J.: 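Sending over a structure as structure tokens; questions will come in a sec.
Below, read A as the first sequence line, B as the second, and so on, with proteins coming before strands; counting in each chain starts at 1. Computed from a prediction, not measured in an experiment: that's the story for all the values here.
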Amino acid sequence: MTTRVRFAPAPTGFLHVGSARSALFNWLYAESTGGEMILRIEDTDAALRKPEFIDAIVKPLTALGITWAEGPYYQSQRKQFHVDAVEQLVQSGHAYYCNLTRDAADALASDAGLPSGYHGWSRDKGIEDGPDCVVRFRTPDEGEIVIHDIIRGEVRFKNAELEDFVIRRSDGSPTFLVANAVDDADMGITHVIRGEDLLNTTPKVMLLWDALDLGDKPQYAHLPLLVNAQRKKLSKRRDDVSLMEFLSKGYLPEAMVNHLALLGWGPPDDKEIRPIGEIIELFKLENVNKGSAFFDVTKLDHINGEYIRALPVERFIELAEPFVYGVDTDIPWDAANYDPEVFAMVAPDVQQRVSTLAEIPHFIAWLFMDEVPYDLESKAWNKAMRKGKMTPEILDGILSAFGDVEWTGDAMNAAVGEVGDRLEARSQVPARVAITGTNAGIPLWDAAATIDREIVLQRLRAARALL
RNA sequence: GCCCCCAUCGUCCAGCGGCCUAGGACGCCUGCCUUUCACGCAGGUAACACGGGUUCGAAUCCCGUUGGGGGUGCCA
């Protein structure tokens, strides 16, 4: 039997990295077993039915290279099947109408000294359907339901502890629990792979499955949650988790996928950074961890840096475009000053110094700005310009040498070296700080030779004046 | 409160009863390379939560404790 998995997000705005990880693991499982994945949008709640939310799911998945064989299907478009299923459950006595609001049910519970929750108040009351009625599923009073989870092993729930949950809202719309069972059955889903936060809903779906007589159940696998530094489930509200945001900040899709694959799973040979094809080959659902994983951007930065350095330089230049032309980010220089040929020249040096594409402008800004800012409070300035008392003499020396030096990297370098030798001081770093504004960066002189002599002289004078 | 899940370096992953004086990666530190920084290279730091079992033998199996997390909606 070929495996069929589904990625079934609720359309609640941008896709976050946790959902992306779920999608990825479904996809990895499908790819590694020669099966297929379908995409299904779980929009049974009317509030979630917004077309822009669909784009927010499809675009990032596509960007990551996660593909699906069918869909997107919309649960909202399958509503009639779900309504029929609810009707069937009422008919067969598995479900009943209830006209209590949540507040009323809680009040009854507290009056009766029972723990909060719904205690089957409307069971067997012969309540007729009406405008304010919901339909609740009658959970068995005895017995237990056992999930054979591929990742977690056996998980047991006592039926008596499951309350009679709502399967149809008072507006007539069935809830996702019904839709889940019906759609998974109709779509021939063999494996349900999703976050651990849904583990508690699984017994309810299984109960519905049996009551509707839907046949063989899928196998379940509940993935460990992705958490923040406080070990809380990643949340859109408090954490920086938009997948698209990461991509537009200069993280490469391949690096993102590689990093995500490493959260909750690892290759048996300890080789972490590798092509997706190898990951598919090695991926085993049963080897996925149980413990939650911290989404560590520091590690992502490293992986992303590795991927960037591995790029052919032409590709690097291509990918850099939005960042050097200010399409998605601000650039610190006047756009008219930007020279793609200069960037192409220094690109290999930049490429091995950035961990995200967004860092590119930082390394080349001094090539396209008229003046560079000096941060007199910075460690760079203090270390290079203040500590050595020869600095004014060094800059004066360079200034006079640069008046008529041949304007090539080699000649400039040699001239600065001579100044240093003559004064018995290190002249390179002060020159770099004066010209670029900082003490760290790409090889200096060939790049500096692309700037007009007068601009370089101005910077040297400006820095000299601050000493 | 109740239900469920989890527990190896700060972080991610390896370990599936003897190969473990616990391995790799990120981070951090040191050194080498280098006219800066980075890359690269060579080292270092650092963990089996605790207590009981089971076993000739436990990071690995079982129970408990503690700690963390998830759920507890007419959201999914």
J.: For A/Arg40, which contact category applies under a 4.0 Å heavy-atom criterion: base, sugar-phosphate, or nothing?
T.: nothing
J.: If you look at every strand shown and take non-hydrogen atoms under 4.0 Å, does A/Thr201 touch a base, only sugar-phosphate, or nothing?
T.: base
J.: Would you tell me whether A/Arg422 and A/Ser427 have side-chain atoms, one donor and one acceptor, within less than 3.5 Å of each other?
T.: no
J.: Watson-Crick or G-U wobble partner for B/C61, using a 3.5 Å limit on both distances?
T.: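 Its partner is B/G53 (Watson-Crick or G-U wobble, both distances under 3.5 Å).
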J.: Does any nucleotide pair with B/U66 by Watson-Crick or G-U wobble geometry, both distances under 3.5 Å, and what is it?
T.: B/A7
J.: Using atom C1' in both nucleotides, what's the gap between B/C48 and B/G15 to the nearest angstrom?
T.: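 So the two C1' atoms sit 10 Å from each other.
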J.: On a plain distance test, is the side chain of A/Arg353 in donor-acceptor contact with the base of B/C37 below 3.5 Å?
T.: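 Indeed, a donor on one side and an acceptor on the other fall under 3.5 Å apart.
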J.: If you look at every strand shown and take non-hydrogen atoms under 4.0 Å, does A/Glu359 touch a base, only sugar-phosphate, or nothing?
T.: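 Result for A/Glu359 = nothing.
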J.: Parallel, tilted or perpendicular: which one describes the rings of A/Phe283 and A/Trp265, with boundaries at 30° and 60°?
T.: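 Because their plane-to-plane angle lies in the 30° to 60° range, the rings of A/Phe283 and A/Trp265 count as tilted.
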J.: NA contact type, A/Lys271, heavy-atom cut-off 4.0 Å: base, sugar-phosphate, or nothing?
T.: nothing
J.: Hey, does A/Asn439 reach any base, or is it just sugar-phosphate, or nothing, if we go heavy atoms under 4.0 Å?
T.: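 The residue A/Asn439 makes base contact.
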J.: Pick the C1' atom in B/A46 and in B/U21, then give their distance to the nearest Å.
T.: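 Per the computed distance, 16 Å lies between those C1' atoms.
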J.: Rounded to the nearest angstrom, tell me the gap between atom CG in A/Leu15 and atom P in B/A76.
T.: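 Going from CG in A/Leu15 over to P in B/A76 covers 18 Å.
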J.: How far, in whole Å, is B/U45 from B/G24 if one measures between their P atoms?
T.: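 After rounding to an integer number of Å, I get 12 Å for this pair.
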J.: Look at the side chain of A/Arg152 and decide which nucleotide, out of B/A76, B/C6, B/G71, has an atom nearest to it.
T.: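 Selected nucleotide: B/C6.
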J.: Check every strand shown and say whether A/Pro9 touches a base, only sugar-phosphate, or nothing at a heavy-atom separation below 4.0 Å.
T.: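 Nothing, no heavy atom under 4.0 Å.
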J.: Should A/Asn289 be listed as having a side-chain N or O under 4.0 Å from OP1 or OP2 of B/A14?
T.: yes
J.: Nearest to the A/Arg309 side chain among B/G40, B/G69, B/C74, which nucleotide is it?
T.: B/G40
J.: Within the structure shown, what part of the strands sits under 4.0 Å from A/Arg168 by heavy-atom distance: base, sugar-phosphate, or nothing?
T.: nothing
J.: With P as the reference atom in both, quote the distance from B/G10 to B/G43 in angstrom, rounded to an integer.
T.: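 Those two atoms are separated by 23 Å.
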J.: Could you tell me the separation between the NZ atom of A/Lys204 and the C1' atom of B/C74, rounded to a whole number of Å?
T.: 13 Å
J.: Under 4.0 Å, counting only non-hydrogen atoms across every strand here, what does A/Gly305 touch: a base, just sugar-phosphate, or nothing?
T.: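 Nothing: the residue A/Gly305, judged by heavy atoms under 4.0 Å, touches no strand.
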J.: Is any side-chain N or O of A/Lys299 closer than 4.0 Å to OP1 or OP2 of B/C12?
T.: no
J.: Rounded off to whole Å, could you give me the CG-to-P distance for the A/Leu444 and B/U34 pair?
T.: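 In whole Å, B/U34 P lies 19 Å from A/Leu444 CG.
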J.: Could you state the atom-to-atom distance from CG of A/Leu198 to P of B/G73 in whole Å?
T.: 15 Å
J.: Under a 3.5 Å limit for both distances, which nucleotide forms a Watson-Crick or G-U wobble pair with B/C48, could you say?
T.: none
J.: Counting Watson-Crick and G-U wobble pairs only, both distances under 3.5 Å, name the nucleotide matched with B/C2, or none.
T.: B/G71
J.: Between A/Gln428 and A/Asn413, is any side-chain donor less than 3.5 angstrom from a side-chain acceptor?
T.: yes
J.: Please state how far atom CZ in A/Arg102 lies from atom P in B/U72, giving the value in whole angstrom units.
T.: 10 Å
J.: Which residue in the set A/Thr201, A/Leu199, A/Asn26 passes side chain to side chain contact (heavy atoms under 4.5 Å, CB included) when paired with A/Arg194?
T.: A/Thr201
J.: A/His259 has an atom NE2; how far is it from atom C1' of B/C12, in whole Å?
T.: 7 Å
J.: Would you state whether a donor and an acceptor, one from the side chain of A/Glu272 and one from the base of B/G24, lie under 3.5 Å apart?
T.: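 Per atom types, the contact qualifies.
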J.: Should the ring pair A/Phe343 and A/Phe316 be called parallel, tilted or perpendicular, given that the plane angle runs from 0 to 90° and is split at 30 and 60?
T.: tilted
J.: Can you check the distance between B/C12 and B/C19, where both ends of the measurement are the C1' atom (answer in whole Å)?
T.: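 Here B/C12 and B/C19 have their C1' atoms 25 Å from each other.
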J.: For nucleotides B/U11 and B/C4, find the distance between their P atoms and express it as a whole number of Å.
T.: 27 Å
J.: Once you apply the 3.5 Å cut-off to both distances, tell me the Watson-Crick or G-U wobble partner of B/C41, or none.
T.: B/G31
J.: From B/A76, B/U35, B/G70, pick the nucleotide closest to the side chain of A/Trp445?
T.: B/U35
J.: So what does A/Val166 hit on the nucleic acid, given a heavy-atom distance under 4.0 Å: a base, only sugar-phosphate, or nothing?
T.: sugar-phosphate
J.: Where the side chain of A/Phe294 is defined as all heavy atoms beyond and including C-beta, which of B/C5, B/C26, B/U11 is the nearest nucleotide?
T.: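 So the side chain of A/Phe294 is nearest to B/U11.
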J.: Rounded to whole Å, how long is the line connecting atom CD of A/Gln351 with atom P of B/A38?
T.: 18 Å
J.: Which nucleotide in the list B/C37, B/C74, B/C13 gets nearest to the side chain of A/Ala440?
T.: B/C37
J.: Give me the distance, rounded to whole Å, that separates B/G68 from B/A49 when you measure between the P atoms they each carry.
T.: 16 Å
J.: With a 3.5 Å cut-off and no angle check, do the side chains of A/Asp43 and A/Ser76 form a donor-acceptor pair?
T.: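 Short answer, yes.
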J.: Hey, which of A/Val135, A/Val134, A/Val90 is the one that makes side chain to side chain contact (heavy atoms under 4.5 Å, CB included) with A/Ile167?
T.: A/Val135
J.: What nucleotide, of B/C13, B/A76, B/U35, holds the atom closest to the side chain of A/Asp270?
T.: B/C13
J.: Using a heavy-atom cut-off of under 4.0 Å over every strand shown, decide if A/Gln352 touches base, sugar-phosphate, or nothing.
T.: base
J.: Any strand counts, and the cut-off is 3.5 Å on both contacts for Watson-Crick or G-U wobble. Which nucleotide pairs with B/A22?
T.: none
J.: Between B/C26 and A/Thr298, counting only base atoms on the nucleotide and side-chain atoms on the residue, is there a donor-acceptor pair under 3.5 Å?
T.: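 Between B/C26 and A/Thr298, which were checked side chain against base, a qualifying N/O pair under 3.5 Å is absent.
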J.: When all nucleic acid strands are considered with a 4.0 Å heavy-atom cut-off, which category describes A/Gly441: base, sugar-phosphate, or nothing?
T.: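 The residue A/Gly441 makes base contact.
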J.: Is it true that A/Gln80 and A/Asp84 share a donor-acceptor pair across their side chains at a distance under 3.5 Å?
T.: yes
J.: In this structure, how many angstroms lie between the C1' atom of B/A76 and the CG atom of A/Leu199, rounded?
T.: 15 Å
J.: In whole Å, what separates the P atom of B/A38 from that of B/C33?
T.: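 Their P atoms lie roughly 16 Å apart.
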J.: Fit a plane to each ring of A/His222 and A/Tyr220, take the angle between them on a 0 to 90° scale, and name the class: parallel (under 30°), tilted (30 to 60°) or perpendicular (over 60°).
T.: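 The arrangement is parallel - the two ring planes meet at less than 30°.
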J.: Taking the side chain of A/Asn287 as heavy atoms from C-beta outward, which of B/C16, B/U36, B/G71 is closest to it?
T.: B/C16
J.: Looking only at the side chain of A/Asp197 (C-beta and beyond, no hydrogens), which of the listed nucleotides B/G71, B/C39, B/U35 gets closest?
T.: B/G71
J.: Check whether any side-chain nitrogen or oxygen of A/Arg231 sits under 4.0 Å from OP1 or OP2 of B/G68, and answer yes or no.
T.: no
